[in-house]
Amino acid sequence: MSNKVSPQIAAPLLAWYDAEARVLPWRAPPGSPAPANDPAGPYRVWLSEVMLQQTQVATVIPYFERWTARWPDFASLAAADDAEVMSMWAGLGYYARARNLLKGARAVVAEHGGRLPDTEAALLTIPGIGAYTAAAIAAIAFGRRAVVVDGNVERVVARLLAIETPMPAVKPAIRAATDSITPDVRAGDFAQAMMDLGSRICTPRNPKCLLCPIAGPCAARMEGAPERYPVKAAKKVRPVRRGTMFWLTHEDRVWLVRRPEKGLLGGMRALPTGPWQDTPPALTGAPVAADWRVLPATATHGFTHFELVCALAAARWDGHTPPGEGEWWPIADIESAGLPTVFARAAKLFREDGGCGG
DNA sequence: AAAGCGTGGAA
DNA sequence: TTTCCAAGCTT
């Protein structure tokens, strides 16, 4: 959809982007879409977009550098070992992204000749690519016009138009408004400019309107309270769940398990735990019946939808191998186990306790 | 279609 | 300290 509003927004925004764009490892210089074998080519754009889902740029950069050094292209990633992929992602969160990334790379190799498809519709069929990521890749990596809407764009557009309808009901209207200001050329730069603007100028709190290239037509700015937008529905309180983590040691090793493929922390190496529930489960779910010693410390961790408070139970074990899938991992190398942060922190507490194997 | 899904930066 | 929320996707 081409239109007349676009130049009022797109032209000054693109001029600002040409002068102020951040230098990022996956970003081509402003002005032209990345060639297929470019350092900012489709593989790196895809990888960066998935890593950036709900994750800030500064957090992503070191993961992106490590990842691309290990797996520089679709072919190498498609051939990668699943466990190593999950370890490389450990600490970044939302682990379904890593599982889907691997599925996606294999699908690209098996079904698309080793090249990422260049249309939104085809991109949407690849695991881990949704509406936002498909549009972003089509625009940024392939130079297509696509309507790219992420959280930054939602905030910028809601302020530009001073939209009163609360999130998330307003999403379709914001998408339509974004369509109306997206230019026919340089849609990828436009999208990145909107996101740069949202993260650096049009911030959730204390937006820097004096530095904003599109403050002129901004309705929220004219009202004098841009931070009021986007209007949001009231949010729910996060419940507390309680559990126990188990630190079972044998000589200088600790017993680690792998969590089920689906669900919370799916597919990740982990300390054994019991159930996480409203009431403390004590030693329910212990890997073996042993003389468990409960540490004075507890481990707490905030997840998206609940707060976890875990008791820490330690025991030495000289008996048979515990039942179920698992491995005795050298405690000295625990940091190379690829544990999610919630377990990595607990492991540190166990080792500082020093009572068992630490 | 509402809920499940991690972690850390910033104020 | 708490609170918000970040380049969302899946079921």
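All heavy atoms count here, side chains included; hydrogens, waters and symmetry mates do not.
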Asks: Sequence neighbours left out, what passes side-chain hydrogen bond (donor to acceptor under 3.5 Å, both in side chains) with K171(A)? Give chain and number order.
Replies: E154(A)

Asks: For N100(A) and R97(A), which I'm curious about, is there any donor-acceptor pair between the side chains at under 3.5 Å?
Replies: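 Side chains of N100(A) and R97(A): no pair found under 3.5 Å.
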
Asks: Can you list, in residue-number order, the parts of residues 340-347 of chain A that come under 4.0 Å of DNA chain B, counting heavy atoms only?
Replies: P340(A), T341(A), V342(A), R345(A)

Asks: Taking salt bridge (Lys or Arg N to Asp or Glu O under 4.0 Å) as the cut-off, I'd like each qualifying pair that reaches into residues 340-349 of chain A, sequence neighbours left out, listed once.
Replies: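 Found none.
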
Asks: With a 4.0 Å cut-off on N to O distance, would you call D184(A) and R144(A) a salt bridge?
Replies: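 Answer for the salt bridge query: no.
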
Asks: If we ignore hydrogens and angles and just use 3.5 Å, is the side chain of Y229(A) paired with the main-chain N or O of A225(A) as donor and acceptor?
Replies: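 Side chain of Y229(A) to backbone of A225(A): no pair is present.
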
Asks: First and last nucleotide of DNA chain B in contact with chain A, 5' to 3', at under 4.0 Å to a heavy atom: what are they?
Replies: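 It runs dA3(B) to dA11(B).
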
Asks: Give every donor-acceptor pair under 3.5 Å between a side-chain atom in residues 119-132 of chain A and any protein atom, sequence neighbours left out.
Replies:
from	atom 1	to	atom 2	distance (Å)
T119(A)	OG1	A122(A)	N	3.2
T125(A)	OG1	A122(A)	O	2.7
Y132(A)	OH	E49(A)	OE1	2.6

Asks: If I take atom CG in residue L92(A) and atom P in nucleotide dA6(C), what distance separates them, rounded to the nearest angstrom?
Replies: 17 Å

Asks: Starting at the 5' end of DNA chain C and moving along, which residue's nearest nucleotide shows up first, N152(A) or P127(A)?
Replies: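 Its nearest nucleotide lies further toward 5', so the answer is N152(A).
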
Asks: Quick one: which residue pairs count as a salt bridge (Lys or Arg N to Asp or Glu O under 4.0 Å) with a foot in residues 300-310 of chain A, not counting sequence neighbours?
Replies: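 Residue pairs with at least one partner in residues 300-310 of chain A: R238(A)-E307(A).
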
Asks: In whole angstrom, what separates F64(A)'s CZ from dA6(C)'s P?
Replies: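 F64(A) atom CZ is separated from dA6(C) atom P by 22 Å.
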
Asks: What integer distance in Å separates D150(A):CG from dA6(C):C1'?
Replies: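 So the CG-C1' distance, D150(A) to dA6(C), works out to 9 Å.
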
Asks: For T133(A), report the nucleic acid contact type (base, sugar-phosphate, nothing); a contact means any heavy atom under 4.0 Å.
Replies: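 Sugar-phosphate contact only.
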
Asks: Only counting residues at least two apart or in another chain, list the ones meeting side-chain hydrogen bond (donor to acceptor under 3.5 Å, both in side chains) with T304(A).
Replies: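 Residues passing side-chain hydrogen bond (donor to acceptor under 3.5 Å, both in side chains) with T304(A): Y94(A).
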
Asks: Output the rounded distance in Å from CH2 (W46(A)) to P (dG8(C)).
Replies: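 Atom CH2 in W46(A) sits about 17 Å away from atom P in dG8(C).
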
Asks: Quick one: is R155(A) getting a side-chain N or O under 4.0 Å of the dA6(C) phosphate, OP1 or OP2?
Replies: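 So the side chain of R155(A) is within the cut-off, an N or O lying under 4.0 Å from OP1 or OP2 of dA6(C).
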
Asks: Under 4.0 Å, counting only non-hydrogen atoms across every strand here, what does L265(A) touch: a base, just sugar-phosphate, or nothing?
Replies: sugar-phosphate

Asks: To the nearest Å, how far apart are M195(A) CE and dA7(C) P?
Replies: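 From M195(A) CE to dA7(C) P: 9 Å.
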
Asks: Enumerate the residues from residues 300-309 of chain A whose closest heavy atom to DNA chain B is under 4.0 Å, giving them by residue number; use none for an empty result.
Replies: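 Of all residues in residues 300-309 of chain A, the ones placing a heavy atom under 4.0 Å from DNA chain B are H301(A), G302(A), F303(A), T304(A), H305(A).
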
Asks: Measuring only the P atom in each nucleotide, how far is dA10(B) from dA7(C)? A whole number of Å is fine.
Replies: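 The answer is 12 Å between these two P atoms.
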
Asks: What is the distance, to the nearest angstrom, from the CD atom on Q56(A) to the C1' atom on dA7(C)?
Replies: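 From Q56(A) CD to dA7(C) C1': 11 Å.
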
Asks: In whole angstrom, give me the gap between the P atoms of dG6(B) and dT11(C).
Replies: 14 Å

Asks: Taking OP1 and OP2 of dG8(C), is either one under 4.0 Å from a side-chain nitrogen or oxygen of Q54(A)?
Replies: yes

Asks: What nucleic acid atoms does A131(A) come within less than 4.0 Å of, heavy atoms only: base, sugar-phosphate, or nothing?
Replies: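 Sugar-phosphate: the residue A131(A), judged by heavy atoms under 4.0 Å, touches backbone atoms but no base.
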
Asks: Show the atom names and distances, to 0.1 Å, of all donor-acceptor pairs under 3.5 Å that link a side chain in residues 58-68 of chain A to residues at least two apart or in another chain.
Replies:
from	atom 1	to	atom 2	distance (Å)
Y63(A)	OH	A90(A)	O	2.9
Y63(A)	OH	L92(A)	N	3.4
W67(A)	NE1	Y43(A)	OH	3.4
T68(A)	OG1	F64(A)	O	2.8
T68(A)	OG1	E65(A)	O	3.3

Asks: Find the distance Y94(A):OH to dC5(C):P and express it as a whole number of Å.
Replies: 14 Å

Asks: With a 4.5 Å limit on heavy-atom distance, are the side chains of W26(A) and M51(A) in contact?
Replies: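 Not in contact.
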
Asks: Under 4.0 Å, heavy atoms only, any strand: does K236(A) hit a base, just the sugar-phosphate, or nothing?
Replies: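 Contact class for K236(A): sugar-phosphate only.
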
Asks: Figure out the CZ/P separation between R99(A) and dG8(C), and round it to whole Å.
Replies: 19 Å

Asks: Phosphate oxygens OP1/OP2 of dA6(C): is one of them under 4.0 Å from a side-chain N or O of S199(A)?
Replies: no

Asks: Assign K262(A) to base, sugar-phosphate, or nothing according to its heavy-atom contacts below 4.0 angstrom with the strands shown.
Replies: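 Answer is nothing: K262(A) stays at 4.0 Å or more from every strand.
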
Asks: According to side-chain hydrogen bond (donor to acceptor under 3.5 Å, both in side chains), does anything in residues 264-285 of chain A pair up with another residue at least two apart or in another chain? List the pairs.
Replies: R269(A)-E327(A), Q277(A)-T279(A)

Asks: Between G128(A) and R22(A), which has a closest nucleotide on DNA chain C that is more 5'?
Replies: R22(A)

Asks: Is there any salt bridge (Lys or Arg N to Asp or Glu O under 4.0 Å) pair reaching into residues 210-237 of chain A, and which pairs are they, with sequence neighbours excluded?
Replies: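 Salt bridge (Lys or Arg N to Asp or Glu O under 4.0 Å) check on residues 210-237 of chain A returns E164(A)-R228(A).
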
Asks: Partners of W292(A) by ring pair (Phe, Tyr, Trp, His ring centres under 6.0 Å), sequence neighbours excluded?
Replies: F246(A)

